[in-house]
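Encoded as structure tokens, the structure appears first; notes follow it.
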Amino acid sequence: MKKTMWVLLDDRMGSVGQAKGIIQAIGDKIEVVEKQLVYNKWARLPNFLKRASFIGVNIAKSSNLNEDFPNLILSTSRRTATVALKLKKQSKGKSKIIQLMHPGNFGIKKMDLIIVPEHDAKKCHGSNFFMITGCPHRVTDKTVKEAAEKWHDEFKDLPKPWLSVIVGGSIKGHPFGLENARNLGIAARNIVNVLGGSILITTSRRTGAEAEKEIMKQLQGVPMHTFLWGEKKDNPYMGYLSCADKILITGDSVSMCSEACGTGKSALIFCGKGWLTKKHMRFAQSLVDGNYATMVDDPNALSFKPKHILNTSEKIAKKILEIR
């Protein structure tokens, strides 16, 4: 009989995207049921106070958690961890917990598999930890091919090669800043000056209006296709990843960098100055060490070819399928 797995989803789109990548990689090998959690005002309490409970969850607005308990529970964030622990307790141990990302110190020993990126390794001690590079994502050979077929004609009049520029921005307590925006724009322009071609560029909410303006100022006159934050049109993000000859990406987003490295394209990481945390720098370096990407300021950046494709979702799916 096929195993069942509940996937606890909340309002954090980054976590949801990672979970969807794992679901996609598992395919039909496990019966997956998505459970949407809606939070109340108590959700912000730390886990050591909520413990194994539904505290912080609006039960009336959330998916039904009273059905027959599954074999597996995929908890996708720190907040969903206490719900997973409560469900395991109610199931009398039948349901085994797979925790995506470090849940904090409470309940670790009761979790069967904790999936944590290498750049968080200092906090991880125990046989139930499974270390990964980057994070799970939904980029596969199939999704790359489908997106390329969908978007290629949109860009066909632009001269090649195509450099996709994927811009994140400020992170908590660490502003992106105009200097980094300027240097990112210069880096992108220099690549086009050397190789020729065009730019496919997208920005995010965290980029900020002034930084975005500075980047675009540095790229004046360069042939390009744009999808700037707030534009009301079909999002070409997957098209940018799939059609690119090279991808220039900022090192602030684990998800976006992992997706870029999942395409098999040459990924060039921009780390800037005085902006990324030590954890972000460890993450970027892990991609370089694994031969998935290179730093854009490396002297040999433009000749870089990845030796590996980052298929973290498949590695996690394989590990989940091994759980007995």
Side-chain angles (χ1 to χ4, degrees), residues 134 137 139 144 147-148 151 155 158-171 176-204 206-208 211-229 235-273 275-276 280-281 283-288 291-306 309-310:
H137 55 76
V139 176
V144 166
W151 286 100
F155 316 139
L158 290 171
K160 297 196 74 173
W162 293 334
L163 171 69
S164 288
V165 182
I166 312 298
V167 188
S170 299
I171 49 183
F176 183 44
L178 289 182
E179 181 182 1
N180 282 323
R182 184 176 305 113
N183 289 336
L184 174 63
I186 292 170
R189 187 182 190 96
N190 285 343
I191 292 172
V192 175
N193 285 344
V194 173
L195 300 179
S198 311
I199 286 175
L200 316 174
I201 184 170
T202 182
T203 57
S204 76
R206 293 183 295 104
T207 306
E212 179 181 279
K213 183 178 179 181
E214 182 62 32
I215 294 168
M216 300 308 292
K217 176 183 176 181
Q218 299 302 323
L219 297 178
Q220 283 182 354
V222 177
M224 69 177 74
H225 187 281
T226 66
F227 182 73
L228 304 182
W229 172 251
N235 190 339
Y237 174 70
M238 273 303 299
Y240 284 2
L241 291 182
S242 302
C243 294
D245 294 286
K246 294 184 185 295
I247 302 170
L248 173 59
I249 188 163
T250 56
D252 56 290
S253 172
V254 175
S255 294
M256 292 193 302
C257 287
S258 297
E259 288 164 348
C261 292
T263 64
K265 308 294 180 70
S266 296
L268 316 178
I269 304 174
F270 176 84
C271 291
K273 296 179 180 178
W275 158 50
L276 297 183
H280 285 90
M281 292 301 295
F283 162 62
Q285 190 61 49
S286 73
L287 295 179
V288 173
N291 287 303
Y292 302 109
T294 191
M295 301 296 186
V296 69
D297 55 3
D298 185 287
N300 299 312
L302 295 188
S303 61
F304 170 76
K305 299 291 183 184
I309 296 175
L310 190 64

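Fair warning: this is a prediction, and the values are worked out from it, not measured in the lab.
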**OP:** Kindly indicate whether the side chain of Ile201, heavy atoms from C-beta on, has any atom under 4.5 Å from the side chain of Ile215.
**Re:** yes
Original post:
Is any side-chain heavy atom of Leu241 less than 4.5 Å from a side-chain heavy atom of Val144?
Top reply: no
Original post:
Restricting to pairs with a member in residues 158-170, which pass salt bridge (Lys or Arg N to Asp or Glu O under 4.0 Å), not counting sequence neighbours?
Top reply: none
Original post:
Is any side-chain heavy atom of Thr203 closer than 4.5 Å to a side-chain heavy atom of Met216?
Top reply: no
Subject >> Nearest heavy-atom neighbours spanning Ser198 and Leu158 >> reply: OG-CB, 3.4 Å
**OP:** Grab the two heavy atoms, one from Ala181 and one from Ala211, that are nearest each other, plus how far apart they are.
**Re:** CB-O, 3.5 Å
Original post:
Rounded to the nearest 0.5 Å, how far apart are OG of Ser204 and CD1 of Ile166?
Top reply: 10.5 Å
**OP:** Considering non-hydrogen atoms only, spot the tightest contact between Met295 and Ala301 and give its length.
**Re:** O-CB, 3.6 Å
Original post:
Below 4.5 Å, heavy atoms only, C-beta onward: do Pro306 and Tyr292 meet side chain to side chain?
Top reply: no
Subject >> Test item: Ser266 side-chain N/O and Lys246 main-chain N/O as donor-acceptor pair under 3.5 Å >> reply: no
Original post:
Taking Thr202 for the side chain and Phe227 for the main chain, is one N or O donor matched with an acceptor at less than 3.5 Å?
Top reply: yes
Original post:
So, for Ala187 and Val296, which heavy atoms are closest and what is the spacing to 0.1 Å?
Top reply: CB-CG2, 4.5 Å
**OP:** For Ser170, enumerate each residue passing the side-chain contact (heavy atoms from CB on, under 4.5 Å) test, keeping only those at least two apart in sequence or located in another chain.
**Re:** Pro175, Phe176
**OP:** Hey, can you tell me if Phe155 and Tyr240 have their rings parallel, tilted or perpendicular (30° and 60° cut-offs)?
**Re:** tilted
Original post:
Which pair of non-hydrogen atoms, one from Thr207 and one from Glu212, has the smallest distance, and what is that distance?
Top reply: CG2-N, 3.9 Å
Subject >> Contact check, side chains of His225 and Trp162, non-hydrogen atoms, under 4.5 Å >> reply: no
Subject >> Exercise: identify the closest heavy-atom pair between Ala188 and Val165 >> reply: CB-CG2, 4.1 Å
**OP:** Kindly state each residue pair satisfying side chain to side chain donor-acceptor pair (under 3.5 Å) with at least one member in residues 178-193, sequence neighbours excluded.
**Re:** Arg182-Glu214
Subject >> Full working for side-chain contact (heavy atoms from CB on, under 4.5 Å) between Leu248 and Ile199 >> reply: CA-CA 10 Å; Leu248 173 59; Ile199 286 175; over 6 Å; no
Subject >> Test item: Cys271 and Met281 side chains (from C-beta on) under 4.5 Å apart, heavy atoms >> reply: yes
Subject >> Evaluation steps, side-chain contact (heavy atoms from CB on, under 4.5 Å), between Phe283 and Cys257 >> reply: CA-CA 9 Å; Phe283 162 62; Cys257 287; 3.6 Å; yes
Original post:
Taking side chain as C-beta onward, heavy atoms only, is Arg206 less than 4.5 Å from Ile171?
Top reply: yes
